[in-house]
**Student:** 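For reference, the structure I am asking about is given below.
Predicted, not measured: the structure shown is a model, and the values here were computed from it.
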Amino acid sequence: MTDIAAPAVMPSRPAWQIKVPYALLSLLMLLLIWQFGTMIFKTPPYLLPSPVDIGFKIVKDWKLLLLHSGVTTFEIVTGFIISVLIGLPLAILVTYSPMFDKAIYPLIVGSQTIPKVALAPLMLAWLGFGYAPKILITALVAFFPIVINSVVGLRSAPPQMLHLARSMGASSWQIFFRFRLPQALPNIFAGMKLAVVLAVIGAIVAEFVGADAGLGYVIITAGSSFDIPRQFAAIVVLSVIGMAFFWLASWIERISLPWHVSIRQTHH
Amino acid sequence: MSSLRITEDAAPSQSTLRGWFKRSSNPACGAVLNRAGAVSQSDYVSIHKDYISIRGTSKSFVGRNAVVHALSEVDLDIADGEFVSVIGPSGCGKSTLLMLLAGLEPASSGTMRVGNKNVDGPTPDLGIVFQQDVLLEWRTALQNVLLQAEIRGQDKTAATARAKELLAMVGLQNFLDAYPYELSGGMRQRVSICRALLHAPPLLLMDEPFGALDALTRDQLQIDLLRLWSKQKMTVMFITHSISEAVFLSDRIVVMSSRPGRIEEIIKIDLPRPRRLSMRETPEFLAYMQKVTAVFKTLGVLRDEEGDDE
């Protein structure tokens, strides 16, 4: 009596496969405008190098760029991992403990009014020139969006879902792992995607303040010797690293949350 | 419509034998209504007249300015296998009553018993369906139903077979692997009903389960629910806003009024089973609807004239 046809699941490509070619096309357009602009107005390369100049510079400097990219990437990854390791448990504590929510959460939010960049010289003074201050600043910058988004996510389970869980006789442990955490994952991933981009900024800012390695260091030293093409080369490599991390986070999100509204396949 | 017919073993019990008043006088029909895993029916009947007993149950909340009496001194007995609807205006405490019975909220006073166990924490062995289906978006229809077995630590193979059977009973056999977002509102609510029934609970609590659905889907789900009920032989407490829904489904209707929430009247519905949609046009059906409407009119919940409010 209930005659319902089988679901019409149409084979279709994920949204990103449709979006990426368009994005690449518009990027190419911008590069072309830039290229022809520098050719027409004959801007000197030490002020504004053309995309082709920058490309050649990257090829020429690849050894140096690779070396310093490694340093910066290490700082980003370590800082990000630390921010997740601290941010996620903190978010769980804030969600589960009313005491923690009242006593600590406002401090975490309030601390965000302090520009972390302003803390960088202080960290340098305390922790010296090595990796430690860079990783610390990266973690400090990345940690906030993770905490805030995770708290929002962990609180997003509807009350009726929790009633249902309790009526099934679920333990607190089961309620967390089977209901609250999966429900929070979309927000946690949103926080991580934001955090990974901020981590790149954190690492570079820390390198600006005082470093003897890393892409931030390359940008500063190239600037002081008016090597503008090298500065651009480092910026390009840096943005590629940033995009790569963002894509990596999005990819993990896509395979972990195929059900979520932001990931669902687009039908057409 | 053959699927609407009551299954063979339940057939002799028909509508009157299901009735709450016959239970104590005729233990034989108690045996008919017995279900696997429950306390032996004949023992149990000699101890308790009714499957559910609610005595002097009250619930008050401390509101912003004053104490809110959500429920005041409610007495209610529900027989094993009975389908009871609770109807009343918003704020009459009908949902509160359900939460108390499920043991998800503590009562302020009074006692409640389900089976032979007093309610003093989440009542084990019941199914619950809310107005929102609260399906887990990251699980397929089948996995959502199986959640019940996973949490209760039941055997996976047997549970899977039963889940498939239940989903087929509500016409979802082709949607086992569909994610909730691929399902319509009515299909989602069907899945949530199957989830509530997976462990064959003796008691099913439903809080306005069809309130968010369109009229046609609602009709279909009422029929689906009655079919499941006749096959499972469980007790159902059904909260609703709809008078016709209550009359169509129930053995008895509990009419409640608000501020404070209390039971105003209990109306027994003596319509034959299995019930069919066409029954809703019969004079008997309409008479029952008028009876419920009349209670609300005397309570002032329903008014014919305009401007009575001011």
**Student:** For B:I128 and A:S167, which heavy atoms make the closest approach, and how far apart are they?
**Tutor:** CG2-OG, 3.3 Å
**Student:** Going through the checks in order, is the side-chain contact (heavy atoms from CB on, under 4.5 Å) test met by A:Q174 and B:E150?
**Tutor:** CA-CA 10 Å; A:Q174 283 175 318; B:E150 285 171 32; over 6 Å; no
**Student:** Please flag which part of A:P182 lies under 4.5 Å from any non-hydrogen atom of chain B: side chain, backbone, both or neither.
**Tutor:**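 It is both, since atoms from each part get that close.
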**Student:** Hey, mind stepping through A:M161 and B:L136 against side-chain contact (heavy atoms from CB on, under 4.5 Å) and telling me if it holds?
**Tutor:** CA-CA 9 Å; A:M161 185 183 279; B:L136 306 186; 3.5 Å; yes
**Student:** For residues A:F179 and B:V134, determine if any side-chain heavy atom of one lies less than 4.5 Å from a side-chain heavy atom of the other.
**Tutor:**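 A side-chain contact is absent here, since even the closest heavy-atom pair is not under 4.5 Å.
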**Student:** With heavy-atom distances below 4.5 Å as the criterion, would you say the side chains of B:M99 and A:H163 are in contact?
**Tutor:** yes
**Student:** Pick from B:R195, B:R139, B:Q131, B:E105: which one has the most heavy-atom pairs with chain A under 4.5 Å?
**Tutor:**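 With the most close heavy-atom pairs to chain A, the winner is B:R195.
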**Student:** Would you give the length of the straight line joining atom CG of A:L164 to atom CD of B:Q132, rounded to the nearest 0.5 angstrom?
**Tutor:** 12.0 Å
**Student:** Using every non-hydrogen atom in the two residues, find where B:P122 and A:R166 come nearest and quote the distance to one decimal.
**Tutor:** CB-O, 3.6 Å
**Student:** Would a 4.5 Å heavy-atom cut-off, applied to side chains only, mark B:W138 and A:Q183 as touching?
**Tutor:** yes
**Student:** Counting only non-hydrogen atoms closer than 4.5 Å, does A:Q160 touch chain B with its backbone (N, CA, C, O), its side chain (CB onward), both, or neither?
**Tutor:** both
**Student:** Which residue is it: B:L126, B:I151, B:L198? I am looking for the one with a side chain to side chain contact (heavy atoms under 4.5 Å, CB included) to A:M168.
**Tutor:** B:I151
